[in-house]
*Asks:* 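There's a structure below that I have some questions on.
Scope of the values below: all heavy atoms of this structure, side chains included, with no hydrogens, waters or symmetry mates.
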Amino acid sequence: MLRMHLANSGSRDATVIATSSQLQPGPTPGKEGQPVTFCRYVTAGEGKLHEDLAQVLGDDYTQALVDGDPEIDFDAVGRFIEGTQSILIGSAGEPLYCAPQVWEITYGPDGSETDRRAPVDVAPTVNDAIPVKWTGRKMSKMEMVHRVAVRRTLQLQHVDGVTYDFLFGMAKELADDGSVVLLGSGEDGKGPLVLQFNGVSYRGFLEGRVDGERYLLLLHPSNMELKRPQSSSSAGGEE
């Protein structure tokens with residue numbers, strides 16, 4: 001749950017809460033009316049991979065597999081794994097005993113590296129000090145889904161009767177207009193939305209729906225713009 005200081009189109013502001021919207025439950029996997037469970041189990045023992053077998057039996061060990069089972073560790077294979085622990089490994093597969101230095105790398109549209117730097121701490125912009133503002137930039141819902149990729153959806157909820165009227169009015173304004181509005185952070189309302197410390201910078205699109213006295217106010221953060229790829233002829237020119 002996230003506390004959000006939000007201002008409407010009339011520059012009236014209030015603090016509300018934002019929660020991740022609940023997804024509809026999907027189908028339950030099963031067979032013949034019985035549910036299916038997924039488990040992890042050991043598929044190979046230590047020293048039983050291809051590189052290990054090649055060192056002992058040679059590169060062509062096909063006949064050895066037919067005559068016996070040198071690739072199977074009967075004491076380990078098939079055992080269920082109840083818990084795992086993540087470790088850092090190097091490029092050669094060896095475990096690392098201290099954390100490596102982390103770099104932030106920026107890539108251009110063609111996949112080439114454009115910038116490399118040490119990570120910089122980013123403070124959240126959704127806080128109690130400065131409200132998130134309406135930018136006045138609106139677009140239809142259809143235009144939004146064709147222009148950006150929505151990574152997640154947050155539902156804004158009231159905490160009392162006053163914030164109910166506040167959010168209901170915003171939802172009704174957007175629903176009557178049939179559009180979404182772009183939200184911005186900072187004093188001028190032009191900054192990105194950073195929901196948590198060192199979080200991703202998003203553009204936020206606010207959508208409203210109304211059914212009688214009920215409302216639904218959804219915030220769609222997005223950090224990816226959809227663009228039609230250029231054809232080879234237009235990108236490189238005709239020969």
Side-chain angles (χ1 to χ4, degrees), residues 1-9 13-24 26 84 86-89 96 99-159 163 167 170-171 174 179-209 216-230:
M1 184 176 64
L2 172 70
R3 288 171 56 88
M4 177 175 292
H5 193 189
L6 179 65
N8 61 12
S9 58
D13 59 277
T15 299
V16 298
I17 60 174
T19 59
S20 298
S21 59
Q22 296 182 356
L23 299 177
Q24 294 294 331
T84 60
S86 299
I87 63 171
L88 298 174
I89 60 174
L96 300 179
Q101 185 176 5
V102 178
W103 292 91
E104 289 183 352
I105 303 176
T106 305
Y107 297 94
D110 58 350
S112 60
E113 182 179 330
T114 59
D115 187 29
R116 179 187 293 256
R117 66 178 185 180
V120 178
D121 289 335
V122 179
T125 59
V126 178
N127 50 56
D128 292 333
I130 303 174
V132 176
K133 300 179 177 65
W134 286 42
T135 62
R137 294 177 55 188
K138 292 183 178 181
M139 65 180 68
S140 66
K141 299 178 184 180
M142 185 63 66
E143 183 181 359
M144 183 195 71
V145 299
H146 282 86
R147 289 186 56 180
V148 299
V150 176
R151 304 296 300 272
R152 57 186 296 195
T153 297
L154 299 175
Q155 180 179 352
L156 304 188
Q157 300 178 356
H158 59 275
V159 295
T163 50
L167 294 182
M170 298 173 68
L174 293 172
S179 62
V180 297
V181 64
L182 181 65
L183 300 181
S185 64
E187 293 289 352
D188 55 1
K190 297 181 179 179
L193 303 186
V194 181
L195 304 178
Q196 59 189 17
F197 186 75
N198 282 340
V200 178
S201 297
Y202 292 107
R203 289 191 297 168
F205 299 89
L206 191 64
E207 175 195 357
R209 306 175 191 176
L216 188 63
L217 200 58
L218 302 175
L219 174 61
H220 305 291
S222 172
N223 64 342
M224 184 180 299
E225 186 174 358
L226 301 177
K227 293 184 178 180
R228 185 184 299 274
Q230 294 183 346

*Asks:* Do Met170 and Leu6 touch side chain to side chain, with heavy atoms closer than 4.5 Å?
*Replies:* yes
*Asks:* Search all heavy atoms of Glu207 against all heavy atoms of Leu174 and return the closest pair with its distance.
*Replies:* C-CD1, 4.1 Å
*Asks:* A side-chain contact here means heavy atoms from C-beta on lying under 4.5 Å apart; do Leu206 and Trp134 qualify?
*Replies:* yes
*Asks:* Calculate, to the nearest 0.5 Å, the distance between atoms OG1 and CE belonging to Thr15 and Met4 respectively.
*Replies:* 10.5 Å
*Asks:* What's the spacing between Leu2 CG and Ile17 CD1 if we round to 0.5 Å?
*Replies:* 9.5 Å
*Asks:* Atom CE of Met139 and atom NE2 of His146: how far apart are they, to the nearest 0.5 Å?
*Replies:* 13.0 Å
*Asks:* To the closest 0.5 Å, what do you measure between CZ (Arg116) and CD1 (Ile105)?
*Replies:* 4.0 Å
*Asks:* Minimum heavy-atom separation for Val159 to Thr163, with atom names?
*Replies:* N-OG1, 2.9 Å
*Asks:* How many angstroms lie between atom CZ of Arg137 and atom CZ of Phe205, to the nearest 0.5 angstrom?
*Replies:* 7.5 Å
*Asks:* Considering non-hydrogen atoms only, spot the tightest contact between Arg209 and Ala171 and give its length.
*Replies:* O-CB, 4.0 Å
*Asks:* Please report the closest heavy-atom contact between Leu156 and Ala18, naming both atoms and the distance.
*Replies:* CD2-CB, 3.5 Å
*Asks:* Do Leu217 and Val16 come within less than 4.5 Å of each other through their side chains, counting heavy atoms only?
*Replies:* no
*Asks:* If we only count heavy atoms from C-beta on, is the Val148 to Met144 side-chain gap below 4.5 Å?
*Replies:* yes
*Asks:* How far apart are the closest heavy atoms of Pro221 and Leu219, and which atoms are they?
*Replies:* CD-O, 3.2 Å
*Asks:* Which heavy atom in Ile130 sits nearest to a heavy atom in His5, and how many Å separate them?
*Replies:* C-ND1, 4.0 Å
*Asks:* Extract all donor-acceptor atom pairs below 3.5 Å that involve side chains of residues 186-203 and protein atoms in other chains or at least two apart in sequence.
*Replies:*
from	atom 1	to	atom 2	distance (Å)
Asp188	OD1	Lys190	N	3.2
Asn198	OD1	Val122	N	2.7
Asn198	ND2	Asp121	OD1	3.2

*Asks:* Go through the structure and list residues passing salt bridge (charged side-chain N to carboxylate O under 4.0 Å, His left out) with Arg147, not counting sequence neighbours.
*Replies:* Glu143
*Asks:* Does Thr114 reach the main-chain N or O of Thr106 with its side chain, forming a donor-acceptor pair under 3.5 Å?
*Replies:* yes
*Asks:* Nearest 0.5 Å, please: how far is CG in Leu183 from OG1 in Thr135?
*Replies:* 7.0 Å
